[in-house]
Q: 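Input: one structure, supplied below.
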Amino acid sequence: MYNVNSLKAEEFISDEEIQETLVYADQNCDNMELVDAIMEKARKRKGLNHREASVLLACQNEDKIKEIYELANQIKNDFYGNRIVIFAPLYLSNYCVNGCLYCPYHLKNKHIARKKLTQEEIVKEVTALQDMGHKRLAIEAGEDPENNPIEYILECIQTIYRIKHKNGAIRRVNVNIAATTVENYRLLHDAGIGTYILFQETYHKESYERLHPTGPKHDYAYHTEAMDRAMEGGIDDVGLGVLFGLELYRYEFAGLLMHAEHLEAVHGVGPHTISVPRVKPADDINPDDFDNGISDDIFAKICALIRISVPYTGMIISTRESQQLREKVLPLGVSQISGASRTSVGGYADPEQDNSTSEQFDVSDKRSLDEVINWLMRLGYIPSFCTACYREGRTGDRFMTLCKNMQILNCCHPNALMTLKEYLEDYASEDTKILGMKLIEQELEKIPNPKVRERAAANIHDIEGGERDFRF
Ligand code: SAM
């Protein structure tokens with residue numbers, strides 16, 4: 001029944017295979033010989049399959065968990081360096097015809113304020129985002145073929161890319177909208193989107209159907225096969241995710257890795273990113289109503305295991321998580337975080353207004369972007385606003401090749417420094433600027449290729465003189 005190459009959801013995410021994997025993991029979690037052999041394989045930095053990774057997830061040995069954390073940290077440093085890419089979500093519309101039990105946008109919610117941004121309002125939102133320093137957005141919308149048809153989403157993308165306020169620009173728009181058709185994915189691809197993101201919510205079919213009782217999202221196969229359609233439509237950067245808290249985390253973890261293995265097997269390229277959201281309180285949603293909430297420790301272990309199982313995949317932590325929790329998981333392999341996010345429709349341009357009732361969920365990390373950037377640098381990370389890869393056509397396996405050849409230090413590293421310099425010049429507070437200048441000076445030295453190092457230094461000098469948008 002289980003077939004990684006099948007295009008049928010129930011075959012590449014086979015329930016039987018997941019159940020067997022969980023039994024195998026339980027039987028072997030104390031088998032230290034096997035655990036060590038799996039760790040040995042992970043050290044080769046070629047990843048782990050869902051069975052191997054599930055054994056490590058089930059393993060409770062404190063020393064081994066420490067080893068997993070250390071390896072996750074090393075792999076993150078080897079492949080991604082100390083850069084953390086920054087983005088913000090932009091909520092376009094919260095009209096939705098689905099009945100998702102965990103989301104306040106569900107159709108039956110009659111007291112939430114329903115809003116859909118006009119193109120003029122998008123200009124205001126994006127101007128506010130650019131004025132903070134953002135260069136990369138993830139657009140979000142409920143599923144509603146009448147209020148949010150694909151034409152609306154495409155028009156919004158066009159508007160967003162057109163807006164140039166002062167030195168600002170949105171250079172990469174990632175898209176998180178409901179599963180759709182191959183034709184619509186092709187339209188999104190042609191509109192120049194970055195990553196297409198779609199969270200599976202849960203890989204457990206029965207729970208999925210119960211949690212999505214009504215609306216088009218009820219269809220498990222259509223949702224689970226969405227990434228294959230997206231790839232067929234020409235999008236080769238796709239972002240997976242599970243909404244942790246809905247189902248047993250060990251089941252979700254195995255399903256997530258099986259999905260990644262499937263994409264790699266069929267399309268030759270795994271997921272560009274993996275997100276790890278947890279259910280949060282929202283308008284009429286109480287996370288305690290779901291039985292499978294996970295502790296911060298298990299959350300951290302999942303992050304570390306994702307890092308060692310799929311070393312080339314970016315990992316995203318949103319502002320659903322607190323500063324403290326983010327600080328705990330950053331060293332375990334996170335490569336992207338959102339900053340200063342608003343999950344309400346229109347929340348960036350009008351933060352004073354009472355638009356909390358259109359919010360999708362409560363944000364835990366409420367700091368300004370400048371505070372987030374300052375904090376990252378104090379922790380030793382380089383905040384990056386880089387969007388170069390996809391603008392240079394380095395998507396899908398071309399990005400992976402860069403990563404696998406360890407060319408990140410000659411490419412992503414200088415790009416991060418140049419975009420950080422733009423941020424410091426245009427948007428940073430005095431303290432952040434001083435901190436950032438020092439960091440750039442130190443980090444320039446780490447570029448191995450002398451020609452690249454010289455070019456990067458010259459570009460950084462020119463950014464000070466007013467030029468913008470350099471990239472390798
Ligand atoms: N409507 C689109 C869809 O159906 O996939 C995507 C957009 S939705 C705004 C983005 C994600 O927010 C969902 O996929 C879900 O995982 C997450 N979400 C919904 N309710 C949430 C809650 N209460 N807490 C945390 N995340 C939530």
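In listed order, ligands and their atoms are each counted from 1. FYI, side chains are in, hydrogens and waters are out, and symmetry mates aren't considered; it's all heavy atoms of this structure.
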Q: If the cut-off is 4.0 Å to any non-hydrogen atom of Lys280, which atoms of ligand 1 fall inside it?
A: 22 (C), 23 (N), 24 (N), 25 (C)

Q: Just grab all the side-chain hydrogen bond (donor to acceptor under 3.5 Å, both in side chains) pairs involving residues 123-138, residues at least two apart or on different chains.
A: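 Residue pairs with at least one partner in residues 123-138: Asp131-His165.
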
Q: Going by the order shown, which atoms of ligand 1 are within less than 4.0 Å of some heavy atom of Leu198?
A: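 Selected atoms, number and element: 5 (O).
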
Q: I'd like to know whether the aromatic ring centres of Tyr251 and Tyr203 sit less than 6.0 Å apart in this structure.
A: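 So the answer is no for these two rings.
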
Q: N/O of Ala141 under 3.5 Å from N/O of ligand 1, yes or no?
A: yes

Q: Tell me, which protein residue and heavy-atom name are nearest atom 8 (S) of ligand 1, and how many Å apart are they?
A: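 Among all protein heavy atoms, the one nearest atom 8 (S) of ligand 1 is Gln360 NE2, 3.4 Å.
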
Q: Using a heavy-atom cut-off of under 4.0 Å, does the side chain or the backbone of Pro277 touch ligand 1, or both, or neither?
A: neither

Q: Applying salt bridge (charged side-chain N to carboxylate O under 4.0 Å, His left out) as the test, list every pair that has at least one member in residues 190-209; sequence neighbours left out.
A: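 For residues 190-209: Glu10-Lys205, Glu201-Lys217, Lys205-Glu209.
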
Q: So, is Asn98 polar-close to ligand 1, with some N/O to N/O distance under 3.5 Å?
A: no

Q: Any luck finding a side-chain donor-acceptor pair between Asp365 and Gln323 under 3.5 Å?
A: no

Q: Any N or O of Lys217 that comes nearer than 3.5 Å to an N or O of ligand 1?
A: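 Min N/O separation from ligand 1 is below 3.5 Å for Lys217.
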
Q: Just let me know how Glu140 lines up against ligand 1, side chain, backbone, both or neither, with a heavy-atom cut-off below 4.0 Å.
A: side chain

Q: So is there a nitrogen or oxygen of His223 less than 3.5 Å from a nitrogen or oxygen in ligand 1?
A: no

Q: N/O to N/O below 3.5 Å, does that happen between Arg320 and ligand 1?
A: yes

Q: Just checking His212 against Tyr208, ring centres under 6.0 Å apart?
A: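 Yes: the rings meet the under 6.0 Å criterion.
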
Q: What residue and heavy atom of the protein are closest to atom 14 (O) of ligand 1, and at what distance?
A: Glu201 OE2, 2.6 Å

Q: Would you mind running through ligand 1 and noting each atom that sits below 4.0 Å from a heavy atom of Cys103?
A: 19 (C), 20 (N)

Q: Can you check whether Phe244 and Phe299 have ring centres sitting under 6.0 Å from each other?
A: no

Q: Of the backbone atoms (N, CA, C, O) and the side-chain heavy atoms from C-beta on, which set of Leu243 has a member under 4.0 Å from an atom of ligand 1: side chain, backbone, both, or neither?
A: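 Near ligand 1, Leu243 shows its side chain, while the N, CA, C and O stay back.
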
Q: Side chain, backbone, both or neither: which part of Phe199 has a heavy atom under 4.0 Å from ligand 1?
A: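 Side chain only; the backbone of Phe199 stays clear of ligand 1.
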
Q: Run the side-chain contact (heavy atoms from CB on, under 4.5 Å) check on Val238 and Leu263 step by step: do they pass?
A: CA-CA 10 Å; Val238 299; Leu263 295 177; 3.8 Å; yes

Q: Does any N or O atom in Glu143 lie less than 3.5 angstrom from one in ligand 1, N or O only?
A: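 There is no such contact.
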
Q: Is the distance between the ring centroids of Phe199 and His223 under 6.0 Å?
A: no

Q: Within the supplied structure, the quantity of interest is the number of heavy atoms (other residues, nucleotides, ligands) at a distance under 6.0 Å from Lys8 NZ; does it exceed 12?
A: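 No, because the 6.0 Å sphere around NZ of Lys8 holds 12 heavy atoms or fewer from other groups.
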
